[in-house]
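First comes the structure, then the notes that go with it.
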Amino acid sequence: MKRIAVVEDEDKAAELLCSYIDRYSRESGQEFEVVRFSTAVQFLAEYKAVYAVVFMDIQMPQMNGMDASVELRKLDKTVSIIFITNLVQYAQRGYEVDAVSFLVKPVSYYDFYMKFEKALDVYVMNEERSITLSLPGGLCHISTDKLMYVEIIRHRLYYHLVDDVIEMTGVLSNVEQQLSEYGFLRCNNCYLVNPKFVVKVKGSDVQVGNRTLQISRPKRAAFLAALANWFANTGGK
């Protein structure tokens with residue numbers, strides 16, 4: 001059973017979305033647990049990374065949906081976000097928080113169906129390749145497909161995502177074990193690299209995204225062999 005959050009201050013709009021989710025459930029045979037929040041402040045205060053999809057109204061009192069989604073992404077990198085709005089131009093800023101799509105009020109069932117199905121597919125894809133980090137402020141859910149590399153500096157771990165950096169205390173060898181099934185490779189004692197983001201290797205340097213990291217001499221042969229094997233098996237995808 002997947003959990004769905006509806007963050008909407010208007011009762012009629014929230015009821016309509018809930019009825020659409022119920023209809024989709026009957027038609028698809030999937031079960032959902034729906035939780036409605038009247039404000040974004042309440043939603044974030046109680047947030048746990050357990051939702052598959054969040055329907056987020058953009059225009060709400062106290063905190064608007066766009067600002068709330070920025071805060072949400074600090075807690076959960078994998079949940080699918082669908083914006084609900086009266087004004088399309090606001091929803092088009094959704095790329096800033098990696099939103100799946102948006103729905104314009106009044107929402108039709110056909111439009112809802114198409115966007116909700118896409119959001120569920122995106123969540124399943126992310127969920128299959130995600131890890132949970134235990135931070136001082138709570139848990140953070142991230143997709144390994146957005147994790148470029150992990151760095152350790154003086155017993156502090158830095159998870160370098162495509163759109164953020166998460167810092168925590170830890171041991172890189174434990175992270176290496178956790179991420180081994182996702183193909184992450186050690187290029188030296190300080191870095192654990194996602195081969196998906198390797199741009200090029202030149203001499204003792206490896207370019208990961210827009211960062212250049214050092215390959216240590218003891219690990220160079222094993223790193224290059226593992227990287228070549230990864231590219232051979234995936235076609236670089």
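When a residue number appears, it is its place in the shown sequence, counting from 1.
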Examine distances only and state if a side-chain atom of [X] and a backbone atom of [Y] form a donor-acceptor pair shorter than 3.5 Å.
X      : Y      : result
Asp57  : Gly65  : no
Glu10  : Lys12  : no
Asn233 : Asn229 : yes
Ser80  : Val53  : no
Gln214 : Ser216 : no
Arg73  : Asp76  : yes
Thr144 : Arg129 : yes
Arg36  : Glu8   : yes
Lys115 : Phe102 : yes

Distance-minimising heavy-atom pair for [X] and [Y]:
X      : Y      : value
Cys187 : Lys219 : O-CB, 3.9 Å
Val107 : Tyr20  : O-OH, 2.9 Å
Phe231 : Pro195 : CZ-O, 4.2 Å
Ile4   : Tyr51  : C-CD2, 3.8 Å
Ala119 : Ile82  : CB-CD1, 3.7 Å
Met148 : Gly209 : SD-CA, 4.3 Å

Measure the spacing between [atom1] of [X] and [atom2] of [Y] and express it to the nearest 0.5 Å.
X      : Y      : atom1 : atom2 : result
Asp145 : Thr78  : CG    : OG1   : 11.0 Å
Leu72  : Met66  : CG    : CE    : 12.0 Å
Asp11  : Leu16  : CG    : CG    : 12.5 Å
His141 : Lys48  : NE2   : NZ    : 14.5 Å
Leu17  : Ser19  : CG    : OG    : 7.5 Å
Phe223 : Ile215 : CZ    : CD1   : 5.0 Å

Can you list, by chain and residue number, the hydrophobic cluster partners of Ile142 when the side-chain cut-off is 4.5 Å? Ile131, Leu133, Leu135, Leu147, Val150, Ile152, Leu157, Tyr159, Leu161, Ile166, Met168, Leu172, Val175, Leu179, Tyr182, Phe184, Leu192
Between [X] and [Y], is any pair of side-chain heavy atoms under 4.5 Å apart?
X      : Y      : answer
Val193 : Val198 : yes
Thr39  : Asp9   : no
Asn86  : Gln59  : yes
Glu151 : Ile153 : yes
Val7   : Gln42  : no
Trp230 : Lys196 : yes
Gln30  : Leu120 : yes

Would [X] end up clustered with [Y] when hydrophobic side chains under 4.5 Å apart are linked, directly or stepwise?
X      : Y      : answer
Tyr158 : Val171 : no
Leu185 : Val199 : no
Val124 : Tyr113 : no
Val162 : Val100 : no
Ile21  : Tyr110 : yes

Determine whether more than 12 heavy atoms belonging to other residues, nucleotides or ligands lie under 6.0 Å from atom NZ of Lys105. yes
Is it the case that atom CD in Glu27 sees more than 12 heavy atoms from other parts of the structure closer than 6.0 Å? yes
Between [X] and [Y], does any side-chain donor sit less than 3.5 Å from a side-chain acceptor?
X      : Y      : value
Glu117 : Tyr24  : yes
Tyr149 : Arg211 : yes
Thr169 : Arg156 : yes
Ser69  : Asp67  : no

Is the shortest distance from a Lys or Arg side-chain nitrogen in Lys77 or Asp164 to a carboxylate oxygen in the other one below 4.0 Å? yes
Quick one: is the NZ or CZ of Arg186 closer than 6.0 Å to the six-membered ring centre of Tyr191, and within 45° of its axis? no
Tyr123 ring centre to Lys2 NZ or CZ under 6.0 Å, with the angle to the axis within 45°? no
Can you list everything that forms a ring-ring contact (aromatic ring centres under 6.0 Å, His included) with Phe197? Sequence neighbours excluded, please. none
Parallel, tilted or perpendicular: which one describes the rings of Phe112 and Phe116, with boundaries at 30° and 60°? parallel
How far apart are the C-alpha atoms of Phe83 and Val54, what are their side-chain angles, what is the distance that settles it, and do they pass the side-chain contact (heavy atoms from CB on, under 4.5 Å) test? CA-CA 8 Å; Phe83 283 123; Val54 173; over 6 Å; no
